[in-house]
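We name chains A, B, ... by the order of the sequence lines, and we start the count at 1 in each one.
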Amino acid sequence: MSGRSARWVALGIALVAILLLAGLALTAPEHLAVPVMDRAYAGPLDLFPFGADARGRPLLEYAQQGTRVIALPALVAGLMVMAFGVAGGLLACVASGTANTLIQALGEVVGALPRMLVVLVVALVLPKDARGLMPLALVWAVLAAPGAMDEAASVAQRLGGARFVEALRAHGYSGSRIFGWHVVALNLRPVVVRQGAEVMMQVVFLEIALSYLAVAEEQPSFTHADSLVSWADLLNLGYPALVLDVPTLHALVLGLCLIGTIAVLALSLGVAARAR
Amino acid sequence: MVRLVAALALPLLVPAIITALIWALPGDPASIICPPESCGGTAVLAARWNLDAGPMAFFWGWLSGAIHGDFGNSWRLQQGVPVAELLQTAVPNSLVLIALALVPLSLGSALAANGWLPRKADPVLQVVGLVPALVLSLVAAAGVELTYGAASFAGQASWVRLLAGALVLGLADGALSGAITGTRAVFLTENQQRYVGIAVLRGERRLTNTLPNVASALAGQLRARVLHLLSGAVVVEAVLRIDGIGDLLWGGTLLQDFGVVLAAASGFAMLSSLLLVTQALVEIAVAWHVRRAPAVGRLERA
């Protein structure tokens, strides 16, 4: 497959994944359905499309609510990192030396500690009524930003930095065309989109990890209200099927498929944004 | 120099910030731990945990104790148990876990540096790297529980848990693929320098010429990778029930056990400081090595 067709295929896959996730998030019910014990552990063939949990509630609702929990914070974190990346690249085009030093210093400070430590400390001190994925996603995005800025700045410097801009100015190009089209759209796009997609995926994985660890200890999650469930609940429901004789493998498979969808989305966005 | 200063500051800054944040929460810390409406002895508890004299007194009290190896007692996780006791078990376990996880990463980096890993393998590694640590940890935990039982935490089972955890850490979240592609990129860029071509023509090895010049970059990458592993260790230790510092941090956070969180976070800060010091030492060694090299004028005269 040529590079051009690979990019179009990747874009198509990304769009399908985005539509699927948007559909799930937008149709999420406020609360899980009333338990119907007759349908307990129903498989996908008995209760279309994904089966039911131990209380006969449809797993589709788990998927919908879980998507609603992650959708907006992951999107905002991804966009935030993209904005930081663009800023880093543009700074390298207007003030190469100073900007690069500043970005590197920022990276040193922000990246000095393991990200999970910072996220957990923030989760610890969040008041109970302010708990949610959004603040943690924003913290994660801030921690990821220096890396994105550094990589974007390297791309801009390889391009020639300020000299590249001067050369285009000498050709009579306008500022918006130079920075908006030539620098950002043509040259920074691959790295910035990939970084944004990766952070989006990392925020989703962070939510699943934090929620799973809390749910497994029968504690409230840091990332969503107690009335909601997340994809981690699917993994928690499905895990016993691996070690005990509990018929919840369909929950595990659904949870893994949803995680896979996010991974495929991030990967395909990165491929779709690759340079020509 | 900046790194050394940061390395010295981190173990002080992290507990200071956590202390400040504890007091920034609505309500005083003792009431958070023991709400007066549901728990009778809030004032006694505040006095016992040194919470009644304000954040400065608490911080200096905690710090002076910590310097002498006394991190106070656990507030909730294992109520009353000295945190130092918990750390005595947790820190070595986490260090072993990280050291074992570094084995595949170092191996992959060494192979990539020598150009012995085909680029065709990159897509496979990247796909494996997309799998989150939680999923791989669950698979590993299921394997351990099926083989040794759910309550197996001693002897061979504990080592299997550590090895499985290390493998998960080494593979998940792009750790191995990042190490390979990162190292390869550094060497590929350096190999394009003129001096490398000249050295090869003189019959010298490429790696011995490039290594001193890329050592700083590799040290930076190594620090980033260990920090990444430390981050992932929280999830891996909690799922595989490895008695490590990440598990301690998670348990403390979940139960709002500030005593445990302060100590565990300071442990992470100490490890981060050690990494900063290591990177600074590598950079100093490289600078010293470069200064020892003959000056250009001397080379030309020769």
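Taken to the nearest 0.5 Å, the CZ atom of A:Arg7 stands 10.0 Å off from the CG atom of A:Leu11. Between the CD atom of A:Glu207 and the OG1 atom of A:Thr223 there is a distance of 3.5 Å, given to the nearest 0.5 Å. With values rounded to the nearest 0.5 angstrom, B:Leu134 atom CG is found 10.0 Å from A:Ser211 atom OG. Within the model, atoms CZ of B:Arg241 and CD of B:Glu145 stand 5.5 Å from one another, a figure rounded to the nearest 0.5 Å.
Sorted by first and then second residue, the salt bridge (charged side-chain N to carboxylate O under 4.0 Å, His left out) pairs with a member in residues 218-236 of chain B read A:Glu108-B:Arg223; sequence neighbours excluded.
Along residues 236-244 of chain A, the residues that come nearer than 4.5 angstrom to chain B, judged on non-hydrogen atoms, are A:Tyr239, A:Leu242, A:Val243 in order of number.
B:Ala6 does not touch chain A: none of its heavy atoms, backbone or side chain, sits under 4.5 Å away. Interface residue B:Leu255: only side-chain heavy atoms are found under 4.5 Å from chain A. If you measure heavy-atom distances from A:Ala216 to chain B, you find no contacts under 4.5 Å at all. With a 4.5 Å cut-off on non-hydrogen atoms, A:Ile208 touches chain B through its backbone and its side chain both. Heavy atoms of B:Leu227 lying under 4.5 Å from chain A belong to its backbone as well as its side chain. In this structure, chain B has a heavy atom under 4.5 Å from the side chain of A:Leu256, while its backbone stays farther away. If you measure heavy-atom distances from B:Leu130 to chain A, the contacts under 4.5 Å come from both the backbone and the side chain. Proximity to chain B (any heavy atom under 4.5 Å) is shown, for A:Glu198, by neither the backbone nor the side chain. Both the backbone and the side chain of B:Ala141 come within less than 4.5 Å of a heavy atom of chain A. Looking at A:Leu210, the atoms closer than 4.5 Å to chain B (heavy atoms on both sides) sit in the backbone and in the side chain alike. Both the backbone and the side chain of B:Val239 come within contact range of chain A, with heavy atoms under 4.5 Å apart. For chain A, the nearby part of B:Val14 is the side chain; its heavy atoms alone come within less than 4.5 Å. Of the atoms belonging to B:Leu10, it is side-chain heavy atoms, and not backbone ones, that fall under 4.5 Å from chain A. Contact annotation for B:Val235: both backbone and side-chain heavy atoms come within less than 4.5 Å of a heavy atom of chain A.
A donor and an acceptor atom, one from each side chain of B:Glu237 and B:Ser94, are located under 3.5 Å apart. With hydrogens and angles left out, the side-chain atoms of B:Ser74 and B:Gln79 include no donor and acceptor closer than 3.5 Å. A donor-acceptor contact under 3.5 angstrom links the side chains of A:Gln202 and A:Trp140, judged on distance only.
Applying the side-chain hydrogen bond (donor to acceptor under 3.5 Å, both in side chains) test to B:Thr253 and every residue at least two apart in sequence or in another chain returns nothing. With sequence neighbours excluded, the residues that form a salt bridge (charged side-chain N to carboxylate O under 4.0 Å, His left out) with B:Asp122 are B:Arg184.
Interface remark: of the candidates A:Leu213, A:Leu235, A:Val264, A:Leu252, A:Leu213 forms the most heavy-atom pairs closer than 4.5 Å to chain B. Comparing A:Ser221, A:Ala266, A:Ala112 by how many heavy-atom pairs each has under 4.5 Å with chain B, the most go to A:Ala112. Heavy-atom pairs under 4.5 Å with chain A were tallied for B:Val234, B:Leu271, B:Val261, B:Leu254; the largest tally goes to B:Leu254. Counting heavy-atom pairs closer than 4.5 Å to chain A, the top-ranked of the candidates B:Val127, B:Leu138, B:Leu230, B:Asp173 is B:Leu138.
Between A:Val199 and A:Met80 there is no side-chain heavy-atom pair separated by less than 4.5 Å.
Using a 30° and 60° split on the angle between ring planes, A:Phe222 and B:Trp250 fall in the perpendicular class, above 60°.
Screening B:Leu249, B:Ile17, B:Leu21, B:Leu262 against A:Val121 for a side chain to side chain contact (heavy atoms under 4.5 Å, CB included) leaves a single residue, B:Leu21.
Atom CE of A:Met134 has more than 12 neighbouring heavy atoms from other residues, nucleotides or ligands inside a 6.0 Å radius.
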Stepwise, does the side-chain contact (heavy atoms from CB on, under 4.5 Å) test hold for A:Val155 with A:Leu159? CA-CA 6 Å; A:Val155 170; A:Leu159 198 62; 5.7 Å; no
